[in-house]
Number of protein chains: 2
Amino acid sequence: MHMHSNLRSIQPRNGSSDEGKETMSGEFSRHKQFPAHGVIFFEGDPASNIYEVAAGSVMLYKLLPDGRRQVVEILGPGDLFGMPAGDIYDVSAETLTETLVHLMSRKEAETSHVMQEHIKKCLVSQVQNLHEHAVLLGRKSAHERVASFLMRFVPSRGDFACIGPQEDADESVVTLNMTRQEIADFLGLTIETVSRVLSDMKRRKVITMEKQDRIRIMNVCGLCHLTGKY
Amino acid sequence: MHMHSNLRSIQPRNGSSDEGKETMSGEFSRHKQFPAHGVIFFEGDPASNIYEVAAGSVMLYKLLPDGRRQVVEILGPGDLFGMPAGDIYDVSAETLTETLVHLMSRKEAETSHVMQEHIKKCLVSQVQNLHEHAVLLGRKSAHERVASFLMRFVPSRGDFACIGPQEDADESVVTLNMTRQEIADFLGLTIETVSRVLSDMKRRKVITMEKQDRIRIMNVCGLCHLTGKY
DNA sequence: CGAGCTGTTGAGGCTTCTCAAAGAAAGTGG
DNA sequence: CCACTTTCTTTGAGAAGCCTCAACAGCTCG
């Protein structure tokens, strides 16, 4: 069930053009590139490496034995993953888009003070994101979940320190880079519900769809108020 | 709405009888005791201290503006909390039972290497627990959620390395130390649903209730199979 | 013993899910 | 390059699960 095994790891290349995103590239010993929907590791695999997203995006998910899947985190450039409490990974990691990752062995990471500090920083913000996501999964309606999800992709909006609409037209175009199934599994919904909510938002002219995974938000403020956060 | 402000901080005393639980007491500068349902801090408060549960239990929760609450973590002895990404707490912290906490300022924590290491360890297992909880909130039925919740309180059972039933009678008595509202807010359900599921489990003779928050599990293996994990 | 709170139970409604079918998009091979 | 297959998405109808509202029961404490 929604299992992609098209692991075709492109040969490593130097991540020299990292789009100016802040990463720990200097600390990492190796690079590796994955195609879209490539498997990085599975839950239960021996946890040999720590990874950092250099470019692209990665999702972490868990499966129940009957096939139900929950996507627990969506990661972007600068985010770390693969630091388990035990010696096996507690989640599976799969790319959403073509992705370049830095990696280093656990041992290397443990001996680097800079790395340890960086790991701690990432963990703290990871925990904070997971708290927010627990609220979404436990207490938000389908509409609120989808609205919250879309707001993730609007930079510097929807925060505590939202700058508000800049122009007369409060528009924004976002690229999801996720299938409906992946979105549904992240939001704790079914693909049908996600699709219906998006259609409903189109009907209400909150959004329009340029492509299936490219959405124009017609009214960012309006959408933000649908998240339940305000 | 379910807001408890009976903050009556009992005067600090030395945590000398820590029940043999492993804590970082040596590293912490101060102790503080709270009554059951005492507020330790609120979401949005300036994050001045890092806390460790020495004895008792603490819940971390977030509120939506309309009063909906999600309990995101339940902590016991040895667990740390109060390490926010920014300079304010991202959750509220409240005790479930009478609780003794160790605390130290952020600055103190940042200068201690032992502390940093300990914080990292706790964060990693926190993340893992939050992953598990996301699966519960996003993908499990009410019955599975309650079963999973009850299994939390059965030591060395329900894990990957479950030892299996030890005696002929596979029983276990657990004390929840939580109100139905707190349980519901942790599991993303309503109090009525929690109550109904527990009643249903009684009817099926999976559990019996010694007191309202003291439950005898008649068949641990049976309950474990209701969690959805197997 | 009565007041107040917490928990239980019931009836009905709403949201979301399930199942099914058709439409759109993307990949495949001639 | 086009027809075909495959996959993904949308939409509909009906069912199921959980929630809301309401009343009652049980415990706690003055």
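Chain naming here is simple, since letters A, B, ... match the order of the sequence lines and numbering starts at 1 in each.
No side-chain donor from either of Arg180(A) and Ser195(A) sits under 3.5 Å from a side-chain acceptor of the other.
dT9(D) atom C1' lies 12 Å from atom CD1 of Ile215(A), rounded to whole Å. Rounded to an integer number of Å, the gap from Arg139(B) CZ to dC17(C) P is 7 Å. Atom CG of Leu96(B) and atom C1' of dT6(C) are 16 Å apart (whole Å). Protein atom CE of Met209(A) is 13 Å distant from nucleotide atom P of dA24(C), rounded to whole Å. In this structure, the CZ atom of Arg214(B) is 17 Å from the P atom of dG7(C), given to the nearest Å. A straight line from CG of Asp213(B) to C1' of dT8(C) spans 16 Å, rounded to a whole angstrom. At whole-Å resolution of the value, CD1 in Ile207(B) and C1' in dG7(C) are 14 Å apart. Atom CG in Leu137(A) sits roughly 20 Å away from atom P in dT15(C) (whole-Å rounding).
For an aromatic pair to be called close, the ring centres must be under 6.0 Å apart, and Phe41(A) with Tyr51(A) satisfies this.
For the side chain to side chain donor-acceptor pair (under 3.5 Å) with Tyr61(B), the lone residue among Arg69(B), Glu94(B), Glu43(B), Gln70(B) that qualifies is Glu94(B).
Distances were taken from every side-chain heavy atom of Thr179(A) (C-beta onward) to each of dT16(C), dT9(D), dC18(D); the shortest belongs to dT9(D). Relative to the side chain of Arg196(A), the nucleotides dT16(C), dC17(C), dT9(D) differ in distance, and dC17(C) lies closest. Listed nucleotides: dT9(D), dT16(C), dT11(D). Nearest to the side chain of Glu192(A): dT11(D). Looking at the side chain of Thr190(B), the nearest of the listed nucleotides dC19(D), dT8(C), dT16(C) is dC19(D).
Lys202(B) places a side-chain heavy atom less than 4.5 Å from the side chain of Ile207(B). Side-chain contact between Tyr230(A) and Cys224(A): present, with at least one pair of heavy atoms (C-beta onward) separated by less than 4.5 Å.
Ranked by how close their nearest DNA chain D nucleotide is to the 5' end, Met178(A) and His143(B) are led by Met178(A). If Thr193(A) and Lys211(A) are placed on DNA chain C by their nearest nucleotide, the residue sitting closer to the 5' end is Thr193(A).
Here Ser141(A) does not reach the OP1 or OP2 of dT15(C): none of its side-chain N or O atoms lies under 4.0 Å away. When the side-chain nitrogen and oxygen atoms of Ser195(B) are compared with OP1 and OP2 of dT9(C), none of them lie within a distance under 4.0 Å.
Counting non-hydrogen atoms under 4.0 angstrom, Leu189(A) reaches the backbone sugars and phosphates but no base.
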